Protein chains: 2
Amino acid sequence: MEEFASVSGISRPTISKYFNDPNSVRQSTRARIEEALDRHDYRPNIYAINQNRRLTKNIGIVVPYSTDPFFAEIARYIERQCVEAGFSPTLLSPHGQVELENEIMETLRSMKPAGVLFAPLGRASDKAELERFCKDVPTVLFDSNVENVGRALVASDNEHFTSQMVDYLCRTGAPPVLFEMSTPPNPNSNKRRNGYLGAMRHLGHEPHVISVPGEGWNFEEIGYREGLRVLSAPPEGRSILCSNDRLAIGLLAAAYELGLSVGHGAEADLRVAGMDDHPFSRFTCPPLTTISQDYAAISEKGVELLLDAIDTDAPAGSARTDILFEGRLVMRKSA
Amino acid sequence: MEEFASVSGISRPTISKYFNDPNSVRQSTRARIEEALDRHDYRPNIYAINQNRRLTKNIGIVVPYSTDPFFAEIARYIERQCVEAGFSPTLLSPHGQVELENEIMETLRSMKPAGVLFAPLGRASDKAELERFCKDVPTVLFDSNVENVGRALVASDNEHFTSQMVDYLCRTGAPPVLFEMSTPPNPNSNKRRNGYLGAMRHLGHEPHVISVPGEGWNFEEIGYREGLRVLSAPPEGRSILCSNDRLAIGLLAAAYELGLSVGHGAEADLRVAGMDDHPFSRFTCPPLTTISQDYAAISEKGVELLLDAIDTDAPAGSARTDILFEGRLVMRKSA
DNA sequence: CGCCAACATTTACGCGCGTAAAATTTTTAT
DNA sequence: ATAAAAATTTTACGCGCGTAAATGTTGGCG
């Protein structure tokens, strides 16, 4: 930088200022710097920068399972938002393992990020550790809630998701049963079950929940395996609402294998609906009726709230900002 | 570190040595350090470390499309391998855009990584830029080849993939047509086409390639849209080999919509096969017959070759190590 | 017991940059 | 034109660590 300062005829502190914010120097100075810049292609050393800045320009993004297309997609949105805001996002994922989630928090600490967007594992998360982390680093939770942790929460209104879908299914046919995991790794499932129970009762129907066994994040596999079992004697009403699209994808595969036709036509054996608008649900057989989450809105709001949190110190004890997004019913052929 | 050195009763340079390699200090010293460590939970500042080390312990991983479950999955394997070898992996993805691929190379340069595992965009890649990058940073290509770039290549034997599948399909029914994109974003498609052509001729059949239009990485969408068109008059022989699983997933959705039954039974209208063993292909309707890539083997070998490349300087002009993995035929119900 | 090698310590410097304070120059407003 | 404001330069220090060289210490060996 010293060298570059001399060849560009400008002092080093000014160059430093320029790289922190090109608009903080005079227009003519900026032009001179940028001219010198493409003659010598100098780039400041990020490590030296980050060592000396108390706050780096890094933003951590944590998703529970990066190979899940849903999380991959939303992470992609968030990354773009961060870059546009002038930050460097880093994506980390514990792949469903608590120990890795804790390791990730350690890694993040040493990255001294300006802020973190965190989609926790949920049920499995080490809440004490998470709470301690959020005390030190401005963190916005997304997708999945952990009570009283973080500066804000941006998620879907999962209760409303199910009630929306239950409304639709009841309006167009028999009341649905709920197909879910008995020990879901993610707390959203519980909200969805509550939404289902409430909506069914509100409409005067008796709720019926099918809780299937299964551990971990292999939702399609669980949906398929348990689907084979459950569908050998399809539930009365023959309308099935799956707790999420990935379970539905497995269930559809099971229905297909059993020779059951799925759809909303009179001739169909079964109606199946999911939730999340998983990227693949457009290509299932038949295409899956579902509730779509607004990826763009969630990620935008999440980043916006994080940037707020970053430049306003946490007023200790102040209430967390919680924002829930409603879903959009996507009617396809499965229900 | 100064502080920690004094409370632990050991000199700072020795502490520094310890963090670079705990085995480089005497056993008794190591014990004393580690004892002090859990009393004061000190952690060295990575930015200061990386500034002073000529080579960081970072490894860059680049995949063309991180939301594609195939790449997400292989990236996950690679990340794990890197961590086990004591490195810090960073996953980056251009999401199909060349400009972003070039930006990523810039980002990587400033990260001063020990090495990079790079799955290039392929056809779209800026080859000159990529070549320059690989001159400066030890890089191992994977998945997709760019001629004479990088220190090694670890990929699937794509020609063999198709010939393997063609053999199978011909042995069990009519010779297949090849369903592919006319302008695939990835060069592997060309290898696969060549494999198809060669295998068909070798078996004495006339090859028949259906090249459908479509841009970008929305393979399912293209497979679906063009599938609807192509399957309105199914090709003779009614055996279709798709250039990759994602196209096949779209094609299966189209077949389903058109009421065509897919399978290898006598009563089926169509046989469909894919390639890659996409995580979702077990749950298509019917489950997709495909060629599986060995994720674990590819990632292991890739990391191994990169570590080699890292501690042996590139003998200028020396030949690149190319390793191709054979696929395994996965027989499911679609063909 | 004394010697040698391996390991630790002391001392010292430098990495590339942020940043503060004071002095100076340039720009803007009056 | 002149004063005030804004931007820049000069000077100087520190961040937290790697690393080299010289010196000191330890433990095992004959």
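Lettering follows sequence order; numbering is per chain, from 1. Only a predicted model underlies this, so the values are computations on that prediction, with no experimental measurement involved.
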Worksheet item: What integer distance in Å separates B:Asn50:CG from C:dC17:P?
Response: 14 Å
Expected list for residues 30-37 of chain A: side-chain donor-acceptor pairs under 3.5 angstrom, two or more places apart:
unit_1  : atom_1 : unit_2  : atom_2 : d
A:Arg30 : NE     : A:Glu34 : OE2    : 3.0
A:Arg30 : NH1    : A:Asn23 : OD1    : 2.8
A:Arg32 : NH2    : A:Gly9  : O      : 3.0
A:Glu34 : OE2    : A:Tyr18 : OH     : 2.8

Item to complete: For A:Arg132, enumerate each residue passing the salt bridge (charged side-chain N to carboxylate O under 4.0 Å, His left out) test, keeping only those at least two apart in sequence or located in another chain.
Response: A:Glu129
Response to the item:
Closest non-hydrogen atoms of B:Cys134 and B:Val149, given as atom of the first, atom of the second and distance, are SG-CG1, 3.3 Å
Worksheet item: Going by number, which of residues 30-40 of chain A have a non-hydrogen atom under 4.0 Å from DNA chain D?
Response: none
Worksheet item: So, B:Arg320 and B:Asp322, do they make that salt bridge, N to O below 4.0 Å?
Response: yes
Fill in: d(OH, A:Tyr42; C1', C:dC17) in whole Å
7 Å
Response to the item:
So the salt bridge (charged side-chain N to carboxylate O under 4.0 Å, His left out) pairs with at least one residue in residues 87-101 of chain A (sequence neighbours excluded) are none
Discussion item. Side chains of B:Ser299 and B:Gln81 only: does a donor on one sit below 3.5 Å from an acceptor on the other?
Written reply: no
Between the protein and nucleotides 24-26 of chain C, list the N/O to N/O atom pairs that are separated by less than 3.5 angstrom.
none

Filtered N/O pairs between nucleotides 10-13 of chain C and protein, under 3.5 Å:
none

Worksheet entry | Sub-4.0 Å heavy-atom contacts from residues 15-25 of chain B onto DNA chain D, ordered by number | B:Ser16, B:Asn20
Worksheet item: Among all residues two or more places apart in sequence or in another chain, which pass the salt bridge (charged side-chain N to carboxylate O under 4.0 Å, His left out) test with B:Arg109?
Response: B:Glu106, B:Asp136
Worksheet item: Taking only residues two or more places apart in sequence or in another chain, which ones pass salt bridge (charged side-chain N to carboxylate O under 4.0 Å, His left out) with B:Arg80?
Response: B:Glu84
Going by atom type alone, with no hydrogens or angles, which donor-acceptor pairs under 3.5 Å involve a side-chain atom of residues 301-309 of chain A and a protein atom two or more places apart or on another chain?
unit_1   : atom_1 : unit_2   : atom_2 : d
A:Lys301 : NZ     : A:Glu304 : OE2    : 3.3

Worksheet item: Could you go step by step and tell me if A:Phe19 and A:Tyr42 meet the ring pair (Phe, Tyr, Trp, His ring centres under 6.0 Å) rule?
Response: CA-CA 11 Å; A:Phe19 279 109; A:Tyr42 155 82; 5.7 Å; yes
Please report, to 0.1 Å, the donor-acceptor pairs under 3.5 Å made by any side chain of residues 62-72 of chain A, with sequence neighbours excluded.
unit_1  : atom_1 : unit_2   : atom_2 : d
A:Asp68 : OD1    : A:Phe70  : N      : 2.8
A:Asp68 : OD2    : A:Arg246 : NH1    : 2.7

Worksheet item: C:dG16 C1' sits how many Å from A:Asn45 CG, rounded?
Response: 6 Å
Fill in: Residue pairs fulfilling ring-ring contact (aromatic ring centres under 6.0 Å, His included) with at least one residue in residues 104-140 of chain B, sequence neighbours excluded
none
